[in-house]
Amino acid sequence: MIIEKLLSEENLTESEKQIAHFILDKTNKIDNLTSTQLGKASYSSQSSVMRLCRKLGFESYRAFISVLTIERNEYFKVNELPEDLPSQFFSSYEDIQATISRLYAETMIKTNLLLDKNKMIRICNRIMSAETIDIYGIGLSNTIAKQFVFKLQSLGLHCTYHTGLNQLYIDKINTKTNISILISLSGKNEAILNISNILNEHSIYTAAITNHKAKKFIDAHPDTLVFYTNEYTDIDSMCAIFAAQYIIDQIYALIMSRIQISMQFKE
């Protein structure tokens with residue numbers, strides 16, 4: 001999240017941009033720098049560093065540099081893909097293996113940078129406290145929805161998946177005890193967008209999982225978990241499916257760990 005904001009430079013002053021450029025330069029070591037040292041190294045000032053920290057949502061420099069170091073290491077793990085389309089490298093088994101491995105690595109690492117920890121925890125809390133959990137997915141997204149439902153049911157949670165809209169069912173939902181989760185790989189499917197609007201009209205708490213370009217989804221649901229999708233249209237759906245599965249696996253693992261801890265306390 002920090003890296004994305006630094007890359008966009010949105011609402012940053014010139015001094016803050018200088019700090020961002022310094023941070024994003026792989027050759028610069030920042031792990032052990034104090035705020036004063038980072039200010040001097042980036043030809044700005046300690047006060048500019050602290051303003052940038054607060055602008056990015058951190059109350060202290062220590063918290064900022066701790067999270068930044070982790071994100072920065074993830075960001076630099078992925079080398080740039082070749083300029084040609086990946087499918088042009090599918091000439092042999094070895095090429096296919098190497099290219100898909102790199103694409104998946106890039107998708108996973110950049111999705112990690114986009115994921116909001118607070119949103120993830122909030123969604124998991126709502127899932128665990130809900131009496132009913134409704135997962136919506138249409139088309140390719142339905143495959144992901146089914147997997148998500150199976151994982152949550154295996155943890156003993158009351159969960160169902162839907163491939164369309166059941167108005168009578170929605171009218172009877174207890175908004176205090178229900179969570180609805182929309183999954184859309186593209187964020188453009190009109191049917192799922194219609195469901196999104198109706199759930200909002202009924203004041204049903206709704207989370208979403210979609211790609212980082214799906215502005216309508218992101219704007220409609222504050223608790224939206226976004227994944228990275230690359231620019232290669234011929235393999236885009238492959239990476240989107242992988243990224244969506246990656247997110248639901250994280251949710252599943254987090255809930256499972258909490259259930260295990262609660263069981264240990266009961267013993």
Side-chain angles (χ1 to χ4, degrees), residues 1-4 57-60 62-75 77-78 101 104-137 141-162 174 176-185 204-212 217-218 221-228 239-267:
M1 291 294 292
I2 298 176
I3 296 294
E4 291 294 319
F58 294 89
E59 294 183 1
S60 70
R62 180 175 294 182
F64 166 74
I65 206 70
S66 176
V67 175
L68 175 62
T69 300
I70 295 171
E71 285 198 13
R72 196 168 178 263
N73 291 339
E74 289 291 302
Y75 176 71
K77 278 182 183 178
V78 180
S101 295
Y104 277 9
E106 179 187 37
T107 299
M108 182 177 66
I109 291 169
K110 291 190 176 180
T111 294
N112 281 337
L113 293 173
L114 291 170
L115 285 177
D116 187 312
K117 177 183 175 181
N118 292 329
K119 289 182 181 180
M120 179 76 77
I121 292 173
R122 192 157 53 242
I123 291 170
C124 287
N125 289 340
R126 291 297 297 251
I127 289 174
M128 292 187 70
S129 63
E131 291 182 6
T132 57
I133 306 162
D134 295 314
I135 314 292
Y136 292 84
S141 301
N142 182 41
T143 304
I144 310 299
K146 286 181 179 179
Q147 290 184 40
F148 199 9
V149 168
F150 175 79
K151 290 176 184 292
L152 294 180
Q153 286 178 342
S154 71
L155 297 175
L157 300 174
H158 186 271
C159 187
T160 56
Y161 74 88
H162 306 264
N174 185 334
K176 294 181 180 180
T177 60
N178 175 271
I179 175 174
S180 294
I181 302 176
L182 304 173
I183 301 176
S184 178
L185 298 182
I204 297 169
Y205 174 79
T206 305
I209 298 172
T210 191
N211 76 75
H212 70 293
F217 255 50
I218 297 167
H221 305 291
D223 283 347
T224 295
L225 299 174
V226 297
F227 53 79
Y228 171 77
C239 290
I241 291 171
F242 169 77
Q245 290 173 329
Y246 178 64
I247 290 177
I248 67 171
D249 282 344
Q250 288 201 45
I251 295 173
Y252 168 75
L254 183 56
I255 293 174
M256 180 174 63
S257 67
R258 290 187 177 185
I259 291 174
Q260 290 174 340
I261 290 172
S262 65
M263 290 176 65
Q264 289 174 359
F265 276 113
K266 288 179 181 179
E267 294 175 355

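Please read all numbers here as calculations on a predicted model, not as lab measurements.
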**Q** Tell me if a side-chain donor or acceptor on Ser184 pairs with a main-chain N or O of Thr210 at a distance below 3.5 Å.
**A** no
**Q** So, does Ser66 use its side chain to make a donor-acceptor pair with the main chain of Arg62 at under 3.5 Å?
**A**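 Looks like no, no N/O pair under 3.5 Å.
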**Q** Could you check if a side-chain atom of Ile241 sits within less than 4.5 angstrom of a side-chain atom of Thr143, using non-hydrogen atoms only?
**A**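 No. Closest side-chain heavy atoms not under 4.5 Å.
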**Q** Would the distance check show the side chain of Ser141 and the main-chain N or O of Leu185 forming a donor-acceptor pair, the cut-off being under 3.5 Å?
**A**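 Present.
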**Q** Go through it in stages, so that I can follow the logic: the residues are Cys159 and Phe148, the test is side-chain contact (heavy atoms from CB on, under 4.5 Å), and I'd like the CA-CA distance, side-chain angles, deciding distance and then a yes or no.
**A** CA-CA 9 Å; Cys159 187; Phe148 199 9; over 6 Å; no
**Q** Kindly determine whether His158 and Ile133 satisfy side-chain contact (heavy atoms from CB on, under 4.5 Å), including the steps that lead there.
**A** CA-CA 6 Å; His158 186 271; Ile133 306 162; over 6 Å; no
**Q** Just checking, is any N or O donor in the side chain of Thr132 or Asp134 under 3.5 Å from an acceptor N or O on the other one?
**A** no
**Q** Has the side chain of Glu71 got a donor or acceptor atom that lies under 3.5 Å from a matching backbone atom of Ile3?
**A**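 Yes; at least one donor-acceptor contact below 3.5 Å.
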**Q** Output the distance between atom NE2 (His212) and atom OG1 (Thr111), rounded to the nearest 0.5 Å.
**A** 9.0 Å
**Q** What's the spacing between Asn73 CG and Ile109 CD1 if we round to 0.5 Å?
**A**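 Between Asn73 CG and Ile109 CD1, I get 10.5 Å after rounding to 0.5 Å.
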**Q** Evaluate the criterion side-chain contact (heavy atoms from CB on, under 4.5 Å) for residue pair Asp249 and Lys151; output intermediate values, then yes/no.
**A** CA-CA 8 Å; Asp249 282 344; Lys151 290 176 184 292; 3.0 Å; yes
**Q** Only pairs at least two apart or in different chains count here, so list each side chain to side chain donor-acceptor pair (under 3.5 Å) that has a residue in residues 120-129.
**A**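 Residue pairs with at least one partner in residues 120-129: Arg122-Asp223, Asn125-Arg258.
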**Q** Just so I know, are the side chains of Ile259 and Met128 near enough to count as touching, which here means a heavy-atom distance under 4.5 Å?
**A** yes
**Q** Specify whether Phe64 and Phe58 have parallel, tilted or perpendicular ring planes, treating 30° as the upper limit for parallel and 60° as the lower limit for perpendicular.
**A** perpendicular
**Q** Is it true that a side-chain atom of Lys146 and a backbone atom of Gly137 form a donor plus acceptor pair closer than 3.5 Å?
**A**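 The answer is no, because no donor-acceptor pair under 3.5 Å joins these two groups.
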**Q** Given the rule in the side-chain contact (heavy atoms from CB on, under 4.5 Å) test, do Tyr161 and Ile144 qualify, once you have shown the distances and angles that lead to the verdict?
**A** CA-CA 10 Å; Tyr161 74 88; Ile144 310 299; over 6 Å; no
**Q** Within this structure, what is the OG1-CZ distance for the pair Thr107 and Phe242, rounded to the nearest 0.5 Å?
**A**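 Rounded to the nearest 0.5 Å, the OG1-CZ separation comes to 6.5 Å.
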**Q** Once you round to the nearest 0.5 Å, how far does CD1 of Ile247 lie from CG of Leu115?
**A**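 These two atoms lie 5.0 Å from each other.
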**Q** How long is the gap from CG on Leu225 to OH on Tyr246, to the nearest 0.5 Å?
**A** 12.0 Å
**Q** Rounded at 0.5 Å granularity, tell me how far CZ in Phe217 sits from CD1 in Ile209.
**A**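 These two atoms lie 10.5 Å from each other.
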